[in-house]
Novice: 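What follows is a single structure, and I will ask about it in a moment.
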Amino acid sequence: MSANQASLVLLCYRQKPSASAASLLQQHTTLKVSDTAGPVNLVDVHSPAGNQCSVQFDHTQYFSHLPQHVELGSTLLAASQLQSTQTLLQDNTAVTPDNTVCIAYKQVGGKGRGGNKWDSPAGCLMFSLFKRVSITGANIPFVQYIATLAIVQAVQQLAKDRLQGHSININIKWPNDVYSKNLKIGGILCHSTYQSMEFQVVIGVGLNLDNSEPTTCVNDLLRQRHEELQLQVDVQTISREVTLLEDGNKEVALTIKGLTEYGYLLAVDIQGTAFALHPDGNRYCQLSCKCSTPWEVMVKLNAHFQCSLDFFQGLIRHKLSS
């Protein structure tokens, strides 16, 4: 990437710029940023120069998903690479239109809590939002809380769209980190200044979408959850009647229903009593090969569904508490 590309920001909007965006374009061709060696060049996306520039972000698709009545994000600053979207907006609040979002494909000097810096490669969602709010100082911390909740809800909505209504395991490590179990996948950071009877708030968001290292990412969580749900679907299709041989060749009729929460076969008898089927230490079932896990039993059942597989040997049933 050339130095000129790295220091170029496209100003994007729906069809025509707002009055404040138009004013910004008329009065400024560069933006001063404290953590960058030189000024950042500002280019109107619909200008001749803008038509010749390319950043790795599809602003057309972005605006196609932004409802017409929504003002948040109605002005967009897009760059292929920045030191920090947070710093760019913080250093230019006096001229930046309200509700502006700044997004970068790569970020090499991202901001964290306590002055920490974060290198954010391709595959991360990195953006900052500039918003003017008229609230009391006592309520300003809630802006960060709301932003963090909004990010988690947005990810869960994505999961529901992709997984037919199912969610994934993500949560908030209060007040501003996004985790899956004990692995961090994102964080939110807010900075505010007070001027002219209102707060000028810059909300920075970093979310790992597609980098499996160093922890995990949203796409990995979606893939893992999809596989889990697919396994559940496969189990549900293998509900079948079997006969368990117990001591003295006593036959017990059971119906396999799936797996218990601990991974054992789940079965019910004719009275509806639920049992977990545990191995006796020798073999799980009467198949052409030994099975090392309960899930292999289900896979083998599925593979041999057309076979007359009616007797299970080497399984011991344990009644489940209701």
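If you're wondering where the values come from, they're calculated on a predicted model, not measured in any experiment. All residue numbers refer to positions in the sequence shown, counting from 1.
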Novice: Tabulate below the donor-acceptor pairs under 3.5 Å that side-chain atoms of residues 125-135 make, not counting sequence neighbours, or state none.
Specialist:
residue, atom, partner, partner atom, Å
Ser128, OG, Thr85, OG1, 2.7
Ser128, OG, Gln86, N, 3.2
Ser128, OG, Gln86, OE1, 2.8
Lys131, NZ, Asn99, OD1, 3.0
Arg132, NH1, Thr96, O, 3.4
Arg132, NH2, Thr93, O, 3.0
Arg132, NH2, Thr96, O, 3.4

Novice: What do you reckon, is CZ of Arg14 surrounded by more than 12 foreign heavy atoms closer than 6.0 Å?
Specialist: yes

Novice: Quick check: do Val218 and Ile185 have side-chain heavy atoms less than 4.5 Å from each other?
Specialist: yes

Novice: Given side chains that start at C-beta, do those of Leu221 and Gln224 come closer than 4.5 Å, heavy atoms only?
Specialist: yes

Novice: Would you check, one step at a time, whether the test side chain to side chain contact (heavy atoms under 4.5 Å, CB included) holds for Ser47 with Val43?
Specialist: CA-CA 8 Å; Ser47 68; Val43 180; 3.8 Å; yes

Novice: Pick from Asn169, Asp220, Leu163: which one makes a side chain to side chain contact (heavy atoms under 4.5 Å, CB included) with Arg225?
Specialist: Leu163

Novice: Would you confirm whether the ring centroid of Phe57 sits within less than 6.0 angstrom of the ring centroid of Tyr105?
Specialist: no

Novice: Determine, stepwise, if the pair Thr30 / Asn41 fulfils side-chain hydrogen bond (donor to acceptor under 3.5 Å, both in side chains).
Specialist: CA-CA 4 Å; Thr30 61; Asn41 298 315; 6.0 Å; no

Novice: Under a 4.5 Å cut-off applied to non-hydrogen side-chain atoms, are Lys106 and Ser80 in contact?
Specialist: no

Novice: If we ignore angles and hydrogens, is there a donor and acceptor under 3.5 Å between the side chains of Tyr13 and Asp44?
Specialist: yes

Novice: Looking only at side-chain N and O atoms, does Ser23 offer a donor or acceptor that is under 3.5 Å from a partner on Gln27?
Specialist: yes

Novice: If we only count heavy atoms from C-beta on, is the Cys124 to Leu207 side-chain gap below 4.5 Å?
Specialist: no

Novice: Kindly indicate whether the side chain of Phe63, heavy atoms from C-beta on, has any atom under 4.5 Å from the side chain of Cys12.
Specialist: yes

Novice: Hey, are the side chains of Ile170 and Val155 touching, using non-hydrogen atoms and a 4.5 Å cut-off?
Specialist: yes

Novice: Look at the rings of His59 and His46 and say which category their plane angle falls in: under 30° parallel, 30 to 60° tilted, over 60° perpendicular.
Specialist: perpendicular

Novice: State, yes or no, whether a side-chain contact exists between Leu266 and Ile256 at a heavy-atom distance under 4.5 Å.
Specialist: no

Novice: Report the distance from atom CD1 of Ile146 to atom CD of Gln153, rounding to the nearest 0.5 Å.
Specialist: 10.5 Å

Novice: Looking at side-chain heavy atoms only, is the closest gap between Ser34 and Thr87 below 4.5 Å?
Specialist: yes

Novice: Could you grab the distance from atom NE2 of His166 to atom CG of Asp161, nearest 0.5 Å is fine?
Specialist: 13.0 Å

Novice: If the test is side chain to side chain contact (heavy atoms under 4.5 Å, CB included), which one of Leu11, Val40, Leu10 qualifies with Leu77?
Specialist: Leu11

